[in-house]
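In what follows, a structure is listed as structure tokens, so that the remarks can point back to it.
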Amino acid sequence: MSACVPARADSARTKHVHPPHSPPPGGPRRFRVAGADVSAAIAVFLIALPLSLGIALATGAPLQAGLVAAAVGGIVAGRIGGCPLQVSGPAAGLTVVTADLIQQYGWRTTCAITVFAGIAQLGLGCLRVARTALAVSPAIVHGMLAGIGVTIAVAQLHIVLGGTPQSSVPDNLIALPAQLANLHPADVAVSVLTLTLLLLWPRLPGRAGDVLGKLPAALIAVGGATAVAALTGLRLPKVDLPSWSSHALASLPEGPVLGLVAAVLTTTLVCSVQSLLGAVAVDKLVAARPALTGRVKRSDLDRELLGQGAANIVSGSLGGLPIAGVAVRSSANVAAGAVSRNSTMLHGVLVVIAALLLVPALELIPLASLAALVMSVGLKMVSLNHIRTVTRHREVLVYAVTTCGVVFLGVLEGVVLGIAVAVGVALHRLTRTRITHDDVEGVHHVHVRGQLTFLAVPRLSRVLHQVPHGADAVVELDGSFMDHAAYETLQDWQKTHTAQGGAVDIAGRRPGTRISEPAEVDGCRCRPWTPWRNHQCERPSKAPAPGTDRPAAAGAPTGESSGTTNASGTSGESGVPGAHGAPATTGATDQPRGHELARGISAFHRNTAPLMRRELARLAREGQQPSQLFLTCADSRVVTSMITSSGPGDLFVVRNVGNFVPLPGEESGDDSVAAAIEYAVDVLKVRSITVCGHSGCGAMQALLGADPAGTRTPLQRWLRHGLPSLDRVPADAAEDGRERPRLAGRAPADAAERLCLANVVQQLEHLRAHESVARALGAGDLELQGMYFHVGEAQSYLLSEDAEGGVFELVRETNLTA
């Protein structure tokens with residue numbers, strides 16, 4: 001047997017041995033916590049400690065239950081949950097639900113309900129239905145939180161005044177006058193001090209305010225009130241933490257089965273929705289955070305639901321409050337720079353340490369201070385920003401009904417009532433259709449706003465028959481749905497009206513919902529900026545006559561060579577989409593010359609002009625005031641308004657073959673370009689001039705293949721203005737040692753692209769030679785920009801001249817809403 005053959009069958013699976021001169025592999029990796037996570041955990045802990053005690057006080061649960069929930073939420077939900085930076089614990093949104101459960105079933109049964117709610121959350125997480133919870137209207141969620149906030153604030157107001165809250169908002173409101181007549185000065189003084197510190201601490205001025213403002217206002221407010229109460233010797237109720245040995249744990253639930261099931265469902269719903277919405281909000285905060293020190297994954301909502309369920313099971317079993325994601329602590333965690341779930345878990349560990357070692361200090365906290373803190377949290381839950389949002393989206397009724405339902409009936413009842421109202425509002429919007437008829441200069445406009453269903457057919461028919469026989473009519477459909485009954489009504493009326501000598505234009509409909517039109521436009525379904533071939537629709541052409549050439553394929557590209565623009569392509573200069581609806585050049589001989597242009601204009605009049613008329617009328621009154629001169633090639637594929645997202649009046653555009661700027665005073669100069677430059681700079685006062693080249697430029701190809709001894713046609717004489725650009729890119733790019741204009745991230749694809757980039761830089765130099773441009777540049781009133789547009793990739797590059805030779809850098813997408 002050869003020595004090279006393994007002696008054992010399993011020797012091929014022997015473990016790799018480290019080289020003899022290298023250190024042996026290390027042991028298991030150490031658990032490390034980033035410094036950012038440590039600082040974030042401390043910040044969240046300082047916020048969570050007083051809030052947990054305050055929420056426990058507001059629910060009527062043992063104060064230790066708030067600490068248990070905070071610790072379990074940090075450790076269990078932080079470890080298992082799918083949103084790494086969301087901090088879970090006792091939430092203000094659960095206060096009313098928990099308080100009702102404690103009053104109705106007692107504390108130990110409430111803990112059992114929390115356990116069963118956690119089991120239900122685990123089941124929902126396994127079914128992967130987490131995103132279904134996001135289908136709840138935001139108006140309902142905001143209304144629910146606002147109702148809970150009002151309930152909390154009204155209840156805690158009694159403790160702030162030195163009394164005891166009642167079981168419901170109506171009872172608290174009824175008892176409020178008597179409470180105001182029997183104030184406790186010590187409680188009121190501590191509460192006012194707490195609220196004052198909460199309000200003023202984040203607004204400390206100067207450098208000291210920047211440093212001290214990093215401490216949580218909640219901790220400073222409660223700590224300051226506690227210190228003042230201790231130093232002045234005020235006698236008032238304080239936190240009472242019984243021994244952990246007497247801490248109440250969960251027991252078997254007692255009560256009516258249906259009531260317990262409803263309680264479990266309510267707890268599950270509130271905990272799940274608040275946690276999932278909180279996870280989505282945390283993702284947005286993380287995405288908006290600048291200069292991340294570590295990458296944070298997006299939330300896995302199903303896993304987050306599993307983590308919340310596990311946390312509620314553990315918290316309920318240990319005698320803690322129900323757990324959900326908490327917005328205040330989560331936002332503080334993100335703002336503090338946390339980079340992993342370690343910050344959430346470490347905050348839970350700090351809560352455990354405080355609950356075991358800081359009991360004497362915690363028992364100095366006045367209950368009135370905690371009540372004032374929780375009352376301020378409740379008031380913040382009634383967000384003016386949310387009210388403005390639902391008002392803007394016409395959902396204020398849903399918000400108001402949900403809020404009032406939660407305040408006067410309860411959380412579950414208020415949410416169900418809000419859902420019912422939201423469904424009713426949606427059905428009302430679906431069936432509500434406004435149909436108007438106007439006579440404008442002899443043209444009858446029928447405007448349909450909303451969904452066109454069979455319910456609106458009687459009104460539609462009545463309005464359509466108000467249009468006189470033989471009159472011109474325009475029917476504008478402003479909606480996204482039309483059922484069969486409405487379609488047939490509109491189609492029958494159109495045929496009848498057309499047969500009686502009238503004309504009908506159907507405008508504003510979606511592609512694919514075509515109503516039959518007169519023969520000259522039948523078959524066209526194009527609308528602005530839908531896919532097209534040279535802005536023309538495909539139409540079948542007549543069969544070619546025997547012996548003749550076959551016509552070109554429908555939609556074959558026409559007018560794509562440099563220096564040409566098709567009829568509809570020029571409309572892009574004003575920001576108006578091209579005229580969709582003109583037939584493709586198919587070679588058919590049955591259409592009169594100029595028919596495509598007329599069809600394009602007709603489509604503009606029908607589809608775009610009604611939308612643009614008011615804006616164009618304003619421009620007609622005020623005159624043109626463009627912000628920049630845009631000088632580009634006449635190539636039909638370069639639509640300036642589209643690639644710059646500009647509209648009428650924004651750009652003063654000059655187009656020519658090769659985007660050349662002839663030098664002033666040359667024998668072969670071109671006064672038309674010079675005149676446009678002078679007019680734009682001296683009369684229109686543009687602030688910038690852009691020279692834009694593009695890929696696949698025919699002028700650059702012609703320059704590369706030009707014959708110096710050839711016949712001087714007009715085109716060849718014009719291309720002479722590009723010879724200086726040709727001199728910038730010799731065959732050997734390194735022969736003179738100069739850097740050449742280039743694209744960032746890749747080399748030019750070919751000689752034509754290299755010449756195109758050099759041409760942009762060269763034409764910018766020609767611009768500086770014009771007297772008006774030089775004068776404006778010297779005064780600082782004008783800037784020059786170079787641009788390259790890659791047609792095939794639909795990407796634009798801007799010239800950065802900081803680097804030697806000039807580099808064209810890709811324009812990145814930006815968040816315009818930020």
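If you read the sequence from its start, that first residue is 1, and numbering goes on from there.
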Where do [X] and [Y] come nearest, in terms of heavy atoms and distance?
{"X": "Pro662", "Y": "His770", "result": "O-NE2, 3.1 Å"}
{"X": "Val657", "Y": "Ala699", "result": "CG1-CB, 3.8 Å"}
{"X": "Ala758", "Y": "Ser725", "result": "CB-O, 4.2 Å"}
{"X": "Ile689", "Y": "Val681", "result": "CD1-CG2, 3.9 Å"}
{"X": "Gln795", "Y": "Leu810", "result": "CB-CD1, 3.7 Å"}
{"X": "Ile677", "Y": "Val661", "result": "CD1-CG1, 3.7 Å"}

Would one find more than 12 heavy atoms of other residues, nucleotides or ligands at under 6.0 Å from atom [atom1] of [X]?
{"X": "Arg298", "atom1": "CZ", "answer": "no"}
{"X": "Arg434", "atom1": "CZ", "answer": "no"}
{"X": "Glu771", "atom1": "CD", "answer": "no"}
{"X": "Arg746", "atom1": "CZ", "answer": "yes"}

- request: Show your reasoning for whether side chain to side chain contact (heavy atoms under 4.5 Å, CB included) applies to Met787 and Val811.
  value: CA-CA 10 Å; Met787 176 177 168; Val811 179; over 6 Å; no
Quick one: does any side-chain atom of [X] pair with a main-chain N or O of [Y] as donor and acceptor, under 3.5 Å?
{"X": "Asn759", "Y": "Gly722", "result": "no"}
{"X": "Arg655", "Y": "Cys633", "result": "yes"}
{"X": "Thr389", "Y": "Asn385", "result": "yes"}
{"X": "Arg637", "Y": "Gly696", "result": "yes"}
{"X": "Thr391", "Y": "Val396", "result": "no"}
{"X": "Ser688", "Y": "Glu783", "result": "no"}

Roughly how far apart are [X] [atom1] and [Y] [atom2], rounded to 0.5 Å?
{"X": "Leu799", "Y": "Leu757", "atom1": "CG", "atom2": "CG", "result": "9.0 Å"}
{"X": "Leu477", "Y": "Gln451", "atom1": "CG", "atom2": "CD", "result": "11.0 Å"}
{"X": "Arg687", "Y": "Ser627", "atom1": "CZ", "atom2": "OG", "result": "5.5 Å"}
{"X": "Leu631", "Y": "Asn656", "atom1": "CG", "atom2": "CG", "result": "5.5 Å"}
{"X": "Leu784", "Y": "Gln763", "atom1": "CG", "atom2": "CD", "result": "12.5 Å"}
{"X": "His447", "Y": "Ile435", "atom1": "NE2", "atom2": "CD1", "result": "11.0 Å"}

Any side-chain heavy atom of [X] sitting closer than 4.5 Å to one from [Y]?
{"X": "Gln762", "Y": "Asp727", "value": "no"}
{"X": "Glu615", "Y": "Arg618", "value": "yes"}
{"X": "Pro648", "Y": "Leu616", "value": "yes"}
{"X": "Thr632", "Y": "Phe789", "value": "no"}
{"X": "His766", "Y": "Pro724", "value": "yes"}
{"X": "Leu723", "Y": "Leu703", "value": "yes"}
{"X": "Thr690", "Y": "Leu798", "value": "no"}
{"X": "Gln628", "Y": "Thr644", "value": "no"}

- prompt: Given Val691 and Val761, is the side chain to side chain contact (heavy atoms under 4.5 Å, CB included) satisfied, shown in steps?
  reply: CA-CA 9 Å; Val691 177; Val761 177; over 6 Å; no
- prompt: Can you list the steps and then say if Gln624 with Leu619 is a side chain to side chain contact (heavy atoms under 4.5 Å, CB included)?
  reply: CA-CA 6 Å; Gln624 63 169 331; Leu619 292 174; over 6 Å; no
- request: Could you tell me whether Glu765 and Arg768 have a side-chain N and a carboxylate O separated by less than 4.0 Å?
  value: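 No salt bridge links Glu765 with Arg768.
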- request: Flag the pair Asp781 and Lys685 as a salt bridge only when some basic side-chain nitrogen lies within less than 4.0 angstrom of an acidic carboxylate oxygen.
  value: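 Looking at Lys685 together with Asp781, the answer is no, because their closest N to O distance does not fall below 4.0 Å.
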task: Determine the interplanar angle of the Phe660 and Trp718 rings, folded into 0 to 90°, and report it as parallel if under 30°, tilted if 30 to 60°, perpendicular if over 60°.
output: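 Ring orientation, 0 to 90° scale: tilted.
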message: Can you classify the ring geometry of His444 versus His437 as parallel (below 30°), tilted (30 to 60°) or perpendicular (above 60°)?
response: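 The rings of His444 and His437 lie parallel, inter-plane angle below 30°.
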task: Report the C-alpha separation of Leu684 and Phe652 in whole Å, then their side-chain angles, then the decisive distance to 0.1 Å, and conclude whether the side chain to side chain contact (heavy atoms under 4.5 Å, CB included) test is met.
output: CA-CA 9 Å; Leu684 298 179; Phe652 188 74; 3.5 Å; yes
